[in-house]
Amino acid sequence: MPKIRVMVVDDTITQLSVAREILKQTYEVLPVTSGVKALQALERMEETPNLLLLDISMPDISGFEVMSRMRQNEKLRDIPIVLLSGHDEADKRAEGFALGAVAFLQKPYAPSELLAIVESHCKISGNS
């Protein structure tokens, strides 16, 4: 059985490495360093990821813009998205949920918390 594919989008290499280390035993991790690169990679993929972990604050385009563009694309609109942020602001969470995020995770997060969120959303979407 193929591993569930999780794309992690974060402009901070350290954050990408942390997420990859936490998830790599159970999931196929696809690390991407920017919102633009994520959209380009998603467009090229034959098989899209089962879940996207998406940083909100990135220098090229924000995670919100990535989400907005994904929701306009038939191929990408149904990929569950967990937002990542170093800031815990209610208005940012609300904006993310309004755009269709399934969860919000504040960095730094505990490995057990990340694993639990990924596992639960893969189950909810029928990917586990």
Side-chain angles (χ1 to χ4, degrees):
M1 179 181 221
K3 280 190 176 181
I4 292 170
R5 298 162 45 105
V6 178
M7 180 180 278
V8 182
V9 185
D10 199 311
D11 60 304
T12 308
I13 300 300
T14 303
Q15 290 295 326
L16 282 176
S17 297
V18 167
R20 184 180 203 156
E21 281 302 308
I22 294 169
L23 298 171
K24 73 179 184 180
Q25 294 299 323
T26 309
Y27 304 98
E28 179 183 348
V29 181
L30 311 166
V32 182
T33 57
S34 79
V36 170
K37 289 178 183 176
L39 289 169
Q40 291 169 344
L42 288 164
E43 277 296 324
R44 288 192 309 266
M45 287 181 176
E46 202 169 298
E47 221 177 295
T48 58
N50 303 94
L51 183 70
L52 195 76
L53 300 176
L54 180 62
D55 187 23
I56 293 174
S57 299
M58 294 182 285
D60 57 355
I61 61 173
S62 73
F64 294 140
E65 181 63 24
V66 172
M67 286 182 71
S68 180
R69 292 184 192 183
M70 286 177 66
R71 297 309 182 220
Q72 294 170 21
N73 183 318
E74 191 172 327
K75 176 183 172 186
L76 308 176
R77 72 173 47 132
D78 294 327
I79 299 171
I81 298 172
V82 175
L83 288 175
L84 306 172
S85 179
H87 306 284
D88 185 22
E89 300 169 17
D91 60 330
K92 297 270 189 206
R93 286 194 314 273
E95 184 176 352
F97 289 128
L99 288 168
V102 297
F104 182 93
L105 190 56
Q106 185 176 347
K107 300 185 283 186
Y109 42 75
S112 59
E113 185 179 23
L114 177 63
L115 282 168
I117 284 176
V118 169
E119 183 179 322
S120 68
H121 286 287
C122 286
K123 282 181 183 174
I124 289 168
S125 62
N127 292 312
S128 66

Taking the side chain from K75 and the backbone from E43, do they hold a donor-acceptor pair closer than 3.5 Å? yes
When clusters are formed by joining ILVMFWY residues with side-chain heavy atoms under 4.5 Å apart, either directly or through shared neighbours, do I56 and V102 land in the same one? no
Is there side-chain contact between Y27 and L115, with heavy atoms separated by less than 4.5 Å? yes
Looking at G96 and M67, what are the two nearest heavy atoms and their distance? O-CE, 3.6 Å
From L42 atom CG to L52 atom CG, the distance as rounded to the nearest 0.5 Å: 6.0 Å
With a 4.5 Å limit on heavy-atom distance, are the side chains of M70 and L39 in contact? yes
Residue pairs meeting side chain to side chain donor-acceptor pair (under 3.5 Å), one or both in residues 108-118, sequence neighbours left out, come to none
Check whether any side-chain N or O of S68 sits under 3.5 Å from a backbone N or O of F64 as a donor-acceptor pair, and report yes or no. no
dist L53:CG -> L30:CG (nearest 0.5 Å) comes out at 10.5 Å
For E65, give me all partners under salt bridge (Lys or Arg N to Asp or Glu O under 4.0 Å), at least two apart in sequence or on another chain. R69
Just wondering, more than 12 heavy atoms not from R71 lying within 6.0 Å of its CZ? yes
Separation of L105 CG from I117 CD1 (nearest 0.5 Å): 4.5 Å
Approximate separation, where rounding is to 0.5 Å, of I79 CD1 and T48 OG1: 4.0 Å
Sequence neighbours left out, what pairs pass salt bridge (charged side-chain N to carboxylate O under 4.0 Å, His left out) with at least one residue falling in residues 90-99? D88-R93
I'd like to know if the side chain of K3 and the backbone of K24 have a donor-acceptor N/O pair within less than 3.5 Å. yes
Side-chain heavy atoms under 4.5 angstrom apart, residues restricted to Ile, Leu, Val, Met, Phe, Trp, Tyr: same cluster for L114 and I13? yes
To the closest 0.5 Å, what do you measure between CG (L16) and OG1 (T14)? 9.0 Å
Would you indicate whether the side-chain heavy atoms of D11 and T33 approach each other to under 4.5 Å? no
Whether K107 and D55 form a salt bridge (side-chain N of Lys/Arg under 4.0 Å from carboxylate O of Asp/Glu) is what I want to check. yes
Between M7 and V32, is a side-chain contact (heavy atoms from CB on, under 4.5 Å) present by the stated rule, with each step listed? CA-CA 7 Å; M7 180 180 278; V32 182; 3.9 Å; yes
Determine whether M45 and P49 make a side-chain contact, defined as any pair of heavy atoms from C-beta on separated by less than 4.5 Å. yes
Short question: side chain of D60, backbone of S34 - any donor-acceptor pair under 3.5 Å? no
Report the C-alpha distance between I4 and L51 in whole Å, list the side-chain angles of each, state the deciding distance to 0.1 Å, and finish with yes or no for side-chain contact (heavy atoms from CB on, under 4.5 Å). CA-CA 8 Å; I4 292 170; L51 183 70; 5.8 Å; no
Approximate separation, where rounding is to 0.5 Å, of M58 CE and L84 CG: 9.5 Å
Is there a path of hydrophobic side-chain contacts, each under 4.5 Å between heavy atoms of I/L/V/M/F/W/Y residues, joining I61 to I81? yes
Would you say that V29 contacts V8 through its side chain, given a criterion of any heavy-atom pair below 4.5 Å between the two side chains? yes
Stepwise side-chain contact (heavy atoms from CB on, under 4.5 Å) test for L83 and F97: CA-CA 9 Å; L83 288 175; F97 289 128; over 6 Å; no
If you apply the rule side-chain contact (heavy atoms from CB on, under 4.5 Å), what do you find for V66 with V9, and how did you get there? CA-CA 10 Å; V66 172; V9 185; 5.8 Å; no
Minimum-distance pair of heavy atoms, taken over all atoms of Q106 and G86: NE2-O, 3.9 Å
Sub-4.5 Å side-chain heavy-atom contact between V6 and N50: no
